[in-house]
Asks: 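Encoded as structure tokens, here's the structure I'll be asking about.
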Amino acid sequence: MRLIDYFERGLKYYPERACLIDADGEYSYREVAMRSHRTANALIAGGLEVEDTVAILSPNGAPAFEAWIGAARAGGVWVGLAALASIDENIYVINDRDAAWLFYHSSFEGEIARIKANCPRLKHVICLDKPGMSHPNFGDFIAAFEAEAPELPDYRDKVISHFTSGGTTGQPKGAMWSNLIWEAWCANVYAHMPIQKLPVHLIASAMSHGAGVFAWPVLAYGGTVVCIPRADPLAVLEAMHKYRVTHSFLPPTVIYMMLAHPKAGDFDFSAMDYFVYGGAPMSADKVKQAIDLFGPCMTQIYGQAECPCTIGILSPADHLEALSAPDKEKRLLSCGRPPVFVKVEMMDDDGNLLAEGEWGEIVVRGTFVSLGYYGDPEASEANRQHGWHHTGDIGYKDADGFVYIVDRKMDMIISGGLNVYPIEIERLIWSHPAVQDCAVIGVPDEKWGEAVKAIVELKSGESVAEAEIIALCKEGLSAYKTPKTVEFWDELPRSGVGKVLKRKVREQFWIGHDRKI
């Protein structure tokens with residue numbers, strides 16, 4: 001199966017059904033198919049070859065998803081740029097993935113000149129939604145081309161997506177997904193989240209993340225994909241009610257805000273089959289509230305850019321069983337069991353698989369594991385020692401096969417379901433003339449799961465206010481990466497060779513917590 005074949009199946013059986021809906025309109029499978037044909041033909045006429053990169057910079061919306069479908073039809077490699085990322089972060093990704101094509105939303109018009117000036121391999125830039133911008137409009141770009149699918153050689157074994165990850169260096173990497181990897185991932189979804197009726201999937205969190213990825217399995221069943229620009233709690237509640245949403249993916253932080261909204265009880269969520277959350281577990285109290293409001297649909301997933309979304313699944317039935325008896329409630333802190341097409345174990349530093357209950361690095365095998373990082377064979381190989389993909393997460397498996405994540409081998413922070421790499425923040429803080437050293441860590445936070453915190457050691461005789469450090473970070477980073485708080489210590493703990501012992505810094509903030517993340 002190619003990625004485009006999931007859309008093709010929906011088109012075959014439900015050509016007049018709504019495929020995409022956003023604030024500007026509703027578009028049938030037939031309409032989207034015709035535009036995707038034109039898009040693919042336009043890309044190919046412009047020189048696109050199979051496995052060439054097509055970057056998309058946009059808030060959630062039908063044009064951005066249509067561009068993705070068209071790129072997939074042409075065999076192009078999708079790179080979803082994060083709408084909330086800084087311009088420098090997205091420039092890095094465009095260059096790192098050798099993108100020659102960029103589709104952008106008009107809200108980013110002010111950034112395009114700088115992007116072009118700093119991305120020498122970028123040759124084609126198209127505005128998705130409005131005429132009169134500095135670059136051709138999407139509709140004008142495709143208008144002259146045939147609404148017939150292009151004839152292409154078989155590319156089922158080729159790369160079709162770069163899903164942006166990160167690493168210990170803090171620089172985002174492109175985990176390469178082939179069409180076959182998408183097939184393996186979709187098989188896991190269908191096995192553990194079987195379609196119960198014609199689906200309606202709501203994209204409210206970033207399309208470039210899990211919300212967009214989860215749309216593709218829905219398309220094969222003639223599902224409707226509803227896009228709203230951002231995960232505003234009231235807007236999500238209203239959309240779920242209005243469109244009879246059956247599937248959605250959101251981080252726990254947004255779900256908490258939805259539960260707390262004074263109008264939450266005014267809406268009907270009886271159509272919901274799978275309300276998927278990831279990035280952090282939910283407490284028993286929050287799960288009970290969510291089930292009371294949304295019904296028995298809560299579904300937790302654990303995945304990575306390198307292993308899409310299904311290293312572990314805690315199904316709706318697992319949630320209900322965990323709440324059925326006090327001795328099972330702990331399962332809510334797990335990330336579920338490995339799906340049927342995935343093998344998950346714990347491994348020590350010498351490559352030995354560990355017994356039930358023993359802590360070790362979570363390692364994974366399966367067809368859905370990515371092909372490695374684009375342009376970075378060394379990092380790819382480092383993640384594949386002993387024949388397994390290494391997640392960097394520390395965990396254990398209980399007697400019933402539920403996997404628990406208890407710590408991280410690396411220093412990444414997950415705040416509100418978004419990955420934060422401390423080195424990016426530390427580099428900025430180090431640039432302050434009064435700073436001797438610093439350590440950025442995640443600390444427990446009821447709303448965000450982890451809140452970003454900076455521990456700063458100043459040079460002798462220097463004095464700096466917390467607000468000044470936070471302002472420095474705000475200037476150079478996305479808002480979600482900016483430290484919520486800053487503490488000043490006389491001296492950071494160090495190893496014998498002078499390296500800051502970040503684990504020692506973190507320990508005191510996690511005392512009394514079963515999990516260390």
Side-chain angles (χ1 to χ4, degrees), residues 1-45 48 54-78 80 101 103-105 126-131 136-152 160-161 179 182 186 195 198-204 207-208 211-229 239 243-248:
M1 292 281 285
R2 304 166 303 166
L3 180 60
I4 192 63
D5 290 329
Y6 297 93
F7 172 80
E8 289 291 284
R9 187 181 189 276
L11 170 66
K12 179 178 180 179
Y13 294 117
Y14 304 96
E16 305 308 325
R17 182 170 164 79
C19 175
L20 297 173
I21 295 176
D22 66 8
D24 294 323
E26 177 176 312
Y27 313 96
S28 72
Y29 273 82
R30 192 185 305 279
E31 292 172 311
V32 173
M34 291 176 64
R35 282 195 288 272
S36 75
H37 296 155
R38 288 192 168 102
T39 302
N41 287 320
L43 289 168
I44 293 167
L48 181 87
V54 178
I56 299 174
L57 177 59
S58 175
N60 302 333
F65 208 97
E66 282 195 358
W68 187 359
I69 294 171
R73 188 177 293 285
V77 175
W78 168 77
W101 295 82
F103 289 86
Y104 75 96
H105 187 269
I126 300 101
C127 181
L128 283 166
D129 60 313
K130 285 185 180 180
N137 171 259
F138 189 18
D140 295 336
F141 170 68
I142 67 174
F145 293 89
E146 291 292 325
E148 298 292 335
E151 293 291 334
L152 293 171
I160 199 73
S161 308
N179 287 284
W182 273 95
C186 287
I195 301 294
L198 282 174
V200 178
H201 175 70
L202 175 65
I203 297 180
M207 184 183 293
S208 60
V213 173
F214 266 101
W216 285 89
V218 165
L219 293 175
Y221 284 80
T224 298
V225 176
V226 178
C227 303
I228 61 175
Y243 296 106
R244 302 284 294 164
V245 168
T246 62
H247 296 62
S248 195

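Every value quoted in this text rests on a predicted model; they were computed, and no experiment measured them.
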Asks: At what distance, to the nearest 0.5 angstrom, does CG of D5 lie from CG of N179?
Replies: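 Interatomic distance, D5 CG to N179 CG, rounded to 0.5 Å: 8.0 Å.
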Asks: Applying side chain to side chain contact (heavy atoms under 4.5 Å, CB included), run through I4 and F7 and close with a yes or a no.
Replies: CA-CA 5 Å; I4 192 63; F7 172 80; 4.3 Å; yes
Asks: Between C127 and Y104, does a side chain to side chain contact (heavy atoms under 4.5 Å, CB included) hold up when you go through it step by step?
Replies: CA-CA 5 Å; C127 181; Y104 75 96; 3.7 Å; yes
Asks: Determine the minimum heavy-atom distance between I203 and G212, stating which atoms define it.
Replies: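 Looking at all heavy atoms of both residues, the shortest contact is CD1-CA, 4.1 Å.
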Asks: Taking all non-hydrogen atoms of both residues, which atom of L11 and which atom of A33 are closest, and how far apart?
Replies: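 That closest heavy-atom pairing would be CD2-CB, 3.7 Å.
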Asks: For the OG atom of S28 and the OH atom of Y14, what is their distance to the nearest 0.5 Å?
Replies: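 Spacing of OG (S28) from OH (Y14) equals 15.0 Å.
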Asks: Under 4.5 Å between any side-chain heavy atoms of L202 and I228, yes or no?
Replies: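 With C-beta onward as the side chain, the pair touches.
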Asks: Can you name the residues that form a side chain to side chain donor-acceptor pair (under 3.5 Å) with R17, not counting sequence neighbours?
Replies: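 If we apply the side chain to side chain donor-acceptor pair (under 3.5 Å) test to R17, skipping adjacent residues, there are no hits.
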Asks: Once rounded to the nearest 0.5 Å, what's the spacing between atom OH of Y27 and atom OG1 of T224?
Replies: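 With rounding to 0.5 Å, OH (Y27) is 13.5 Å from OG1 (T224).
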Asks: Scan F65, W78, Y6 and name whichever one has a ring pair (Phe, Tyr, Trp, His ring centres under 6.0 Å) with W216.
Replies: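 It is F65; the other options fail the test.
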Asks: Hey, could you give me the CD1/OH distance between I69 and Y29, rounded to the nearest 0.5 Å?
Replies: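 Answer rounded to 0.5 Å: 8.0 Å.
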Asks: Can you check whether A147's main-chain N or O pairs, donor with acceptor, with H37's side chain at less than 3.5 Å?
Replies: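 Yes, H37 side chain to A147 backbone: donor-acceptor pair under 3.5 Å.
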Asks: Do you know the tightest heavy-atom contact between A42 and W101?
Replies: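 So the minimum-distance heavy-atom pair works out to O-CH2, 4.2 Å.
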Asks: Look only at the side chain of D22 and the backbone of N60, and say whether a donor-acceptor pair between them is shorter than 3.5 Å.
Replies: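 Pair absent, no side-chain N/O of D22 close to backbone of N60.
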Asks: Within the distance-only criterion (no hydrogens, no angle test), does the side chain of R38 pair as donor or acceptor with the backbone N or O of F145 below 3.5 angstrom?
Replies: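 Yes, the answer is positive, given that a donor and an acceptor are paired below the 3.5 Å cut-off.
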Asks: Look at the aromatic rings of W68 and W182 and report parallel, tilted or perpendicular, splitting at 30° and 60°.
Replies: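 Geometry flag for W182 against W68: perpendicular rings.
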Asks: Given D24 and D129, is the side chain to side chain contact (heavy atoms under 4.5 Å, CB included) satisfied, shown in steps?
Replies: CA-CA 10 Å; D24 294 323; D129 60 313; 6.0 Å; no
Asks: Provide the full list of salt bridge (Lys or Arg N to Asp or Glu O under 4.0 Å) pairs with a residue in residues 54-73, sequence neighbours left out, each pair given once.
Replies: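 Residue pairs with at least one partner in residues 54-73: E8-R73, R35-E66.
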Asks: Could you tell me which non-hydrogen atom of C19 sits nearest to which non-hydrogen atom of L219, and how far apart they are?
Replies: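 Smallest interatomic distance, heavy atoms only, reads SG-CD2, 4.1 Å.
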Asks: Test of understanding: with side chain to side chain contact (heavy atoms under 4.5 Å, CB included), list the residues that count as partners of I195, not counting sequence neighbours.
Replies: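 With neighbours one apart ignored, the set is P199, Y221, H247.
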Asks: Compare every heavy atom of A64 with every heavy atom of I56, then report the nearest pair and how far apart it is.
Replies: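 Looking at all heavy atoms of both residues, the shortest contact is CD1-O, 3.7 Å.
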Asks: For the CE atom on M1, are there more than 12 heavy atoms of other groups (residues, nucleotides or ligands in this structure) within a distance under 6.0 Å?
Replies: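 More than 12 within 6.0 Å, yes.
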Asks: Output the distance between atom CG (L57) and atom CZ (F103), rounded to the nearest 0.5 Å.
Replies: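 Between L57 CG and F103 CZ, I get 12.5 Å after rounding to 0.5 Å.
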Asks: Could you tell me the separation between the CG atom of N41 and the OG atom of S36, rounded to the nearest 0.5 Å?
Replies: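 The OG atom of S36 is 9.5 Å from CG of N41, to the nearest 0.5 Å.
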Asks: Would you name the heavy atoms of P150 and A40 that are closest together and state the gap between them?
Replies: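 P150 and A40 have their closest heavy atoms at CG-CB, 3.9 Å.
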Asks: Would R244 and V200 satisfy side chain to side chain contact (heavy atoms under 4.5 Å, CB included), going step by step from the backbone distance to the final call?
Replies: CA-CA 7 Å; R244 302 284 294 164; V200 178; 5.5 Å; no
